[in-house]
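Read the numbers this way: they start at 1 and go in the same order the structure lists the ligands and their atoms. Computation of the quantities below employed the complete heavy-atom set of this structure, encompassing side-chain atoms and omitting hydrogens, waters and symmetry-equivalent molecules.
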Amino acid sequence: MLAVTAAGASADDPLSVLEVGERPRPDVPDGWARVRVRAAALNQHDLWSLRGVGLRADRLPMTLGCDAAGVDDEGREVVVHAVVSDPDWRDDETLDPRRTLLSELHQGTFADEVVVPRRNLVPKPAGLSFEQAACLPTAWLTAYRMLLTQSGAAPGSTVLVQGAGGGVATAAIAIGRAAGYRVWVTSRDEAKRARAVELGADQAFETGARLPDRVDAVLETVGEATWEHSLKALRPGGTVVVSGATSGSRAVTELNRVFFLQLRVVGSTMGTRAELERLVRFCETTGTRPVVDSVLPMASAREGFEKLLAGDVFGKVVLTRP
Ligand SMILES: NC(=O)c1ccc[n+]([C@@H]2O[C@H](COP(=O)([O-])OP(=O)(O)OC[C@H]3O[C@@H](n4cnc5c(N)ncnc54)[C@H](OP(=O)(O)O)[C@@H]3O)[C@@H](O)[C@H]2O)c1
């Protein structure tokens, strides 16, 4: 079957170890299901894997991809939850110390078929296309959990989203708008600021700009480049939720600000299967749909990786199979 794999690791030139070619069909263990992949979305996670971050050398070659929507072996249209927890784990799957994401231990979704625990399948509603549904399990689920589970900010609150163009950021804008938040965003790029406002942001600011008021929560995925601004933007008692650090993770934190203003710094990763089910229903009932930057045949995956690496995206890059 066709698969997009990491054949090695390269911190400086991640695309040099990207391979698109034939791989054997995976076996299906008891309790697992085979899904014919119709669409799969790219994430920064796939680039990290090519750089050797979070993917051990003894697991190579590894099929990349966390996100997929497709058809299972019983003919049902499904969305795949990417967090694989221990079979005996009964709590929040993201808190299982042994949990992995697809493409870390188990083969990922950029292939004709992916094999996952049956409990990781969530029904896909007919109103969501495969391309839209494939965007939900990583970037959209992460944004959903950051805003609605972790931020503690109720609808009507003001939330700042850093780095308007990213997959998580565009999801946070769209979800925030539909859920009744006042969403402010930052971006270095004027065109992305304009698109963020079209998508539902109340106001868009240049990265690092002084804001008209303090915000209740910040959703942070940019990291080093915006961290200081995120802490300065918060009202006393406000919360910064952080799930990524694209520009670097060695940010300096002014601790005086954290304790004097009683700020909360909350880490967030992916989301539970139950949250994914709720997100799917949220999209169905509100009419909110993932922002798709581009759709490419899976055989042209390299082109999608080049776009992601260049930061030349607004929303998600999706790979499809017939
Ligand atoms: N923990 C989790 O479960 C989880 C899940 C999904 C993603 N993530 C992480 O979250 C991060 C975001 O991923 P993503 O796919 O949404 O988006 P992304 O492609 O990494 O882009 C995020 C945004 O970051 C901004 N940015 C990048 N470098 C910057 C810099 N030097 N200065 C200022 N802004 C900069 C850009 O905004 P502008 O161009 O608009 O300025 C860009 O649109 C990644 O690091 C990813 O690994 C984590």
Side-chain angles (χ1 to χ4, degrees), residues 14 41-51 53-55 64-67 81-84 92-95 99-104 135-147 149-150 160-175 184-197 199 201 204-209 218-230 241-251 266-272 275-276 279 290-294 304-318:
L42 258 63
N43 289 290
Q44 289 289 333
H45 185 275
D46 304 307
L47 280 174
W48 290 119
S49 300
L50 291 168
R51 292 185 184 109
V53 178
L55 179 54
L64 296 165
C66 298
D67 289 347
H81 183 220
V83 184
V84 181
D92 178 328
E93 298 93 345
T94 66
L95 297 177
R99 63 113 172 92
T100 58
L101 304 188
L102 289 174
S103 77
E104 290 175 353
C135 301
L136 299 180
T138 299
W140 273 64
L141 182 59
T142 300
Y144 179 93
R145 180 176 171 94
M146 288 172 82
L147 179 60
T149 308
Q150 307 279 43
L160 176 68
V161 178
Q162 300 280 22
V168 177
T170 49
I173 296 165
I175 293 169
W184 290 354
V185 299
T186 65
S187 173
R188 297 163 299 175
D189 183 86
E190 195 180 340
K192 285 187 191 174
R193 291 198 291 275
R195 291 191 68 183
V197 170
L199 183 59
F205 304 91
E206 272 184 50
T207 302
V218 181
L219 306 187
E220 173 61 83
T221 58
V222 178
E224 261 177 47
T226 51
W227 183 250
E228 205 182 340
H229 183 253
S230 291
V241 186
V242 53
S243 74
T246 302
S247 65
S249 57
R250 301 212 166 261
V266 177
S268 196
T269 280
M270 304 293 281
T272 63
E275 283 169 327
L276 180 58
L279 168 61
V291 185
V292 176
D293 174 274
S294 37
F305 274 88
E306 281 164 359
K307 275 176 81 73
L308 196 65
L309 191 60
D312 177 26
V313 291
F314 189 87
K316 300 296 294 171
V317 177
V318 178

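Closest to atom 4 (C) of ligand 1, if we only count protein heavy atoms, is Ser243 O, 3.6 Å. For atom 39 (O) of ligand 1, the closest heavy atom belonging to the protein is Lys192 NZ, 2.8 Å. The protein atom (non-hydrogen) at minimum distance from atom 19 (O) of ligand 1 is Gln44 NE2, 2.8 Å. Shortest contact from atom 37 (O) of ligand 1 to any protein heavy atom: Gly163 CA, 3.3 Å. In terms of protein heavy atoms, atom 25 (C) of ligand 1 is closest to Val222 CG2, 3.6 Å. Nearest protein neighbour of atom 6 (C) of ligand 1, counting heavy atoms only, is Val168 CG2, 3.6 Å. Given atom 17 (O) of ligand 1, the protein heavy atom at minimum distance is Gly166 CA, 3.4 Å. The protein atom (non-hydrogen) at minimum distance from atom 27 (C) of ligand 1 is Arg188 NH2, 3.7 Å.
Contact annotation: for Thr142 versus ligand 1, heavy atoms closer than 4.0 Å belong to the side chain alone. When non-hydrogen atoms are compared, ligand 1 lies under 4.0 Å from the side chain of Ala225 (C-beta onward) but not from its backbone.
Listed here is the closest heavy atom pair of Ala172 and Leu147: O-CD2, 4.4 Å. For Pro137 against Leu276, the heavy-atom pair with the smallest separation is CA-CD1, 4.1 Å. Counting all heavy atoms, side chain and backbone alike, Gly54 lies closest to Glu104 at O-CG, 3.9 Å. Closest heavy-atom contact between Cys66 and Leu101: SG-CB, 4.4 Å. For the pair His81 and Gly271, the tightest heavy-atom approach, listed with the atom from each and the gap, is NE2-O, 2.9 Å. Residues Ala174 and Trp140 approach most closely at CB-CH2, 3.6 Å, considering heavy atoms.
With ligand atoms numbered from 1 in the order given, ligand 1 contributes 2 (C), 3 (O) to contacts under 4.0 Å with heavy atoms of Met270. In summary, the atoms of ligand 1 found under 4.0 Å from a heavy atom of Gly165, numbered by their order in the structure, are 40 (O), 43 (O). In summary, the atoms of ligand 1 found under 4.0 Å from a heavy atom of Ser268, numbered by their order in the structure, are 1 (N). In the vicinity of Gly167, heavy-atom distances shorter than 4.0 Å reach the ligand 1 atoms 14 (P), 15 (O), 16 (O), 17 (O). For ligand 1, the atoms lying closer than 4.0 Å to a non-hydrogen atom of Ser187 are 38 (P), 40 (O), 41 (O). Atoms of ligand 1 lying under 4.0 Å from any heavy atom of Ala164, numbered from 1 in the order shown and given with element: 40 (O). Counting atoms of ligand 1 from 1 in the listed order, those under 4.0 Å from a heavy atom of Trp48 are 47 (O).
Note that the OG1 atom of Thr246 and the CH2 atom of Trp48 stand 7.0 Å from one another [nearest 0.5 Å]. Within the model, atoms CZ of Arg195 and CG of Asp293 stand 7.0 Å from one another, a figure rounded to the nearest 0.5 Å. The line from CD of Glu220 to CG of Leu160 is 8.5 Å long, rounded to the nearest 0.5 Å.
For the residue pair Thr149 / Glu275, a side-chain donor-acceptor distance below 3.5 Å is found, with atom types taken as modelled. Under the 3.5 Å distance criterion, with hydrogens and angles disregarded, no donor-acceptor pair is assigned to the side chains of Asp189 and Ser187.
Heavy-atom distances between Asp189 and ligand 1 stay at or above 4.0 Å for every pair. By the 4.0 Å heavy-atom criterion, Gly311 is excluded from the residues contacting ligand 1. Taking a 4.0 Å cut-off on heavy atoms, Gly271 fails to register as neighbouring ligand 1.
No side-chain heavy atom of Leu136 sits under 4.5 Å from any side-chain heavy atom of Tyr144.
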